[in-house]
Amino acid sequence: MTILVTGGAGFIGSSLLRQLAPFKERLVCVDKFTYAASQDNVPDNVELYMADLADEEAVRYLFEQETFTDIFHLAAESHVDNSIKDCKPFIEANVIGTVNLLQLALEKEVNRFMHISTDEVYGSIEDGGYFVETTSYDPKSPYSASKASSDHFVRAYGETYGIPYFITNCSNNYGQNQFPEKLIPLFINNIIHNKPLPVYGDGNYTRDWLYVKDHAIAIDLVFHRGRNKETYNIGGFNEWKNIDLVRLLCKKMDSKLGRPAGTSESLITYVKDRPGHDLRYAIDASKINKELGWKPSVTFEEGLEKTIDWYLANSDWLQHVTSGTYQEYYKNHYGS
Ligand code: NAD
Ligand code: TYD
């Protein structure tokens, strides 16, 4: 078996590669190596190709070099704030990239197409309920609109041409190897460097958080035991208001860095809100729990401790991914 993992040099893709690495399948990773990727994220026993999935010829070339039995599709532009600045890279990577990959999966008759998506396709849930697999799509940001579109194309290829597929929609992930632009790694990095912690709006926005390794375990489980053409919601049963999460993170960082209590909290700065900011994401992960027996293996406190410890032990990685080349790529695509 040869498994293709797209976006394996990014945050969740590399966690999935570490999850799959001990098994006997041959692993191939394709990645464009955007600012969010790092070769250091990829385990040693993985064959690496650099290609842009939005480039149909490049995708075709890859499928001429290799015969893939299955595909885990994670490659994407993934940061909401960037999609607000410019949505075109999101259309190219997330929509065109997915369709190019589906087309080759169809032509080469791959066994399974695992599409890794987000709970953000369901929009914002503000009445105290939860997103279930049948919740109507209602994306609000350009990022979630592009992911919703990619989900629709996966289902369309499944229904129209019969490609076997699974879709997973997961809540906010945190953990090692996440580029420091999203809330948790950005704030860890800023605290280390005594920089302000920009909390958007009043900080009363709610997200469900899942440790990335538990997401990788869930994807692997769906791959082996999921039912064809099914969607599985994945979440941490772990909702936090941003400001409460930030305060907890500050407390833990003070203690890890040996700084007086309150040092990190003093860096909190309330800034202008994100346009169209979704108030609450809340996932009901009971289907994957009941059907496949999955549940998170670590508590949020444990996962956060592991995450902080990893960033403190890997200052070289942090330095590297925030250095020249990466910054240059980012500036060229999204401005400063
Ligand atoms: P990431 O930004 O850390 O990594 C994305 C990877 O995709 C990078 O390595 C990047 O170089 C690669 N990539 C981007 N455009 C590409 C292209 N055109 N061709 C080839 N490679 C390309 O993102 P992540 O957080 O690891 O997210 C991975 C997937 O999981 C995404 O599809 C995302 O929508 C989904 N997801 C993320 C979260 C989260 O909290 N981060 C939650 C649920 C679902
Ligand atoms: P983020 O990590 O960007 O994930 P998403 O937008 O996909 O949920 O943001 C998580 C929450 O934190 C979201 O409500 C926006 C907020 N946030 C801030 O308040 N400040 C920041 O600097 C960032 C990056 C996010």
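Indexing begins at 1, ligand by ligand and atom by atom, following the structure's order. Because the structure is a prediction, the values reported are computed rather than measured.
Salt bridge absent: E291 and R225 never bring a charged side-chain N and a carboxylate O closer than 4.0 Å. Between R60 and E56, at least one side-chain nitrogen of the basic residue sits less than 4.0 Å from a carboxylate oxygen of the acidic one, meeting the salt-bridge criterion.
In terms of N/O distances under 3.5 Å, ligand 1 is approached by T34. Considering both main-chain and side-chain atoms, V80 never comes within under 3.5 Å of ligand 2 through any nitrogen or oxygen pair. For ligand 1, the polar-atom distance check against A37 finds no nitrogen or oxygen pair separated by under 3.5 Å. Residue K32 places at least one N or O, backbone or side chain, under 3.5 Å from an N or O of ligand 1. The shortest N/O to N/O separation between N173 and ligand 1 falls below 3.5 Å. Ligand 1 has a nitrogen or oxygen under 3.5 angstrom from a nitrogen or oxygen of I12.
Below 4.0 Å from some heavy atom of L186 lie the following atoms of ligand 2, by number and element: 22 (O). Below 4.0 Å from some heavy atom of R207 lie the following atoms of ligand 2, by number and element: 8 (O), 13 (C), 14 (O).
For the pair R112 and F166, the cation-pi test (distance below 6.0 Å, angle within 45°) is failed.
Residue nearest to atom 5 (C) of ligand 1, selected from A36, A76, G7: A76 (by heavy-atom distance). Distances from atom 12 (O) of ligand 2 to the heavy atoms of V246, N242, I268, T206 show the closest one on N242. Of the options E181, R280, R274, H277, the smallest heavy-atom separation from atom 3 (O) of ligand 2 is shown by R274.
Residue-level proximity to ligand 1 for P89 is absent, since no heavy atom of it falls below 4.0 angstrom. With a 4.0 Å heavy-atom cut-off, ligand 1 is reached by no atom of H79.
Residues satisfying the side-chain contact (heavy atoms from CB on, under 4.5 Å) criterion with S117, sequence neighbours excluded, are H115, V121, K147, D151, I167, N169.
Counting only distance, with no hydrogens or angles, the side chain of N41 and the backbone of A9 share a donor-acceptor pair below 3.5 Å. For the pair S83 (side chain) and Y143 (backbone), a donor-acceptor distance under 3.5 Å is present.
Not a single heavy atom of Y143 sits less than 4.0 Å from an atom of ligand 2.
The number of heavy atoms from other shown groups lying within 6.0 Å of NZ (K252) is above 12.
Y49 and Q65 share no donor-acceptor pair across their side chains, judged by distance under 3.5 Å alone.
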